[in-house]
Amino acid sequence: MADNEEIKALERLEEKGRILREYKGKFRQMCQENKMIKGSTVMELYDKIEEVQREYERLDSRLTAMEYDII
C-alpha cells in the first residue's frame, strides 16, 4: 500500500516538475523576445510559477517523509 502511494506521489512530483519547467521556459522566452509585454501578463505567469513551485516543494517534502518512514 505504501509503495503505491509513493509511486503516485512521485508521479505527481514529476508532473509538477514538468509544468514548472514549461512555465519557466515560457517566462524565459517572453523575456528574451524583444517585444512589448504587459506587466500583468508577466506577473500572472510569475504567480503560476510560484504556485507550482510551492506545490512541487510540498510534494517533494511529502515524498521524502514517506521514504524516511519506510527506512
Side-chain angles (χ1 to χ4, degrees):
M1 181 70 174
D3 288 339
N4 194 20
E5 189 176 330
E6 187 175 346
I7 289 169
K8 287 181 181 181
L10 184 58
E11 288 172 349
R12 289 199 327 249
L13 182 67
E14 289 173 350
E15 176 68 12
K16 292 297 178 182
R18 183 193 63 76
I19 292 169
L20 186 58
R21 287 187 300 277
E22 180 182 311
Y23 282 152
K24 284 182 176 181
K26 285 181 183 178
F27 189 74
R28 187 172 284 116
Q29 181 182 4
M30 283 176 26
C31 292
Q32 288 175 347
E33 293 175 356
N34 290 326
K35 58 183 177 181
M36 297 297 288
I37 302 169
K38 288 176 33 179
S40 61
T41 302
V42 172
M43 292 306 298
E44 182 180 314
L45 186 53
Y46 186 79
D47 289 343
K48 287 180 183 178
I49 289 171
E50 282 188 329
E51 177 185 337
V52 175
Q53 181 70 41
R54 282 191 302 273
E55 180 68 12
Y56 181 89
E57 289 171 359
R58 186 188 68 76
L59 286 168
D60 187 45
S61 295
R62 182 172 176 236
L63 190 59
T64 300
M66 289 171 69
E67 288 173 354
Y68 282 124
D69 286 344
I70 292 173
I71 295 176

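Here, residue 1 is the first one in the sequence, and each next residue gets the next number.
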Once side-chain hydrogen bond (donor to acceptor under 3.5 Å, both in side chains) is applied, do any residues pair with [X], and if so which ones, sequence neighbours excluded?
| X | answer |
| --- | --- |
| E14 | none |
| R12 | none |
| E11 | none |

Problem set entry | By salt bridge (Lys or Arg N to Asp or Glu O under 4.0 Å) - contacts of K26 (at least two apart) |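 Once residues adjacent in sequence are excluded, the partners of K26 under the salt bridge (Lys or Arg N to Asp or Glu O under 4.0 Å) criterion are E22.
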
For this session: Would you please name every residue forming a salt bridge (Lys or Arg N to Asp or Glu O under 4.0 Å) with R62, sequence neighbours left out?
Result: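 Listed in chain order: E5.
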
Exercise. Do M30 and L20 belong to the same hydrophobic cluster, where Ile, Leu, Val, Met, Phe, Trp and Tyr are linked whenever their side-chain heavy atoms lie under 4.5 Å apart, directly or via other members?
Worked result: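 M30 clusters together with L20.
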
Under the side chain to side chain contact (heavy atoms under 4.5 Å, CB included) test, which residues partner [X], sequence neighbours left out?
| X | answer |
| --- | --- |
| E15 | R18, I19 |
| E55 | K16, R58, L59 |
| S61 | none |
| Q29 | E33 |

For this session: Grab the two heavy atoms, one from C31 and one from I37, that are nearest each other, plus how far apart they are.
Result: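 Reported closest heavy-atom pair: N-CD1, 4.5 Å.
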
Name each donor-acceptor pair under 3.5 Å that joins a side chain in residues 40-52 to protein atoms two or more places apart or in another chain, with its distance.
from, atom 1, to, atom 2, distance (Å)
Y46, OH, E50, OE2, 3.4

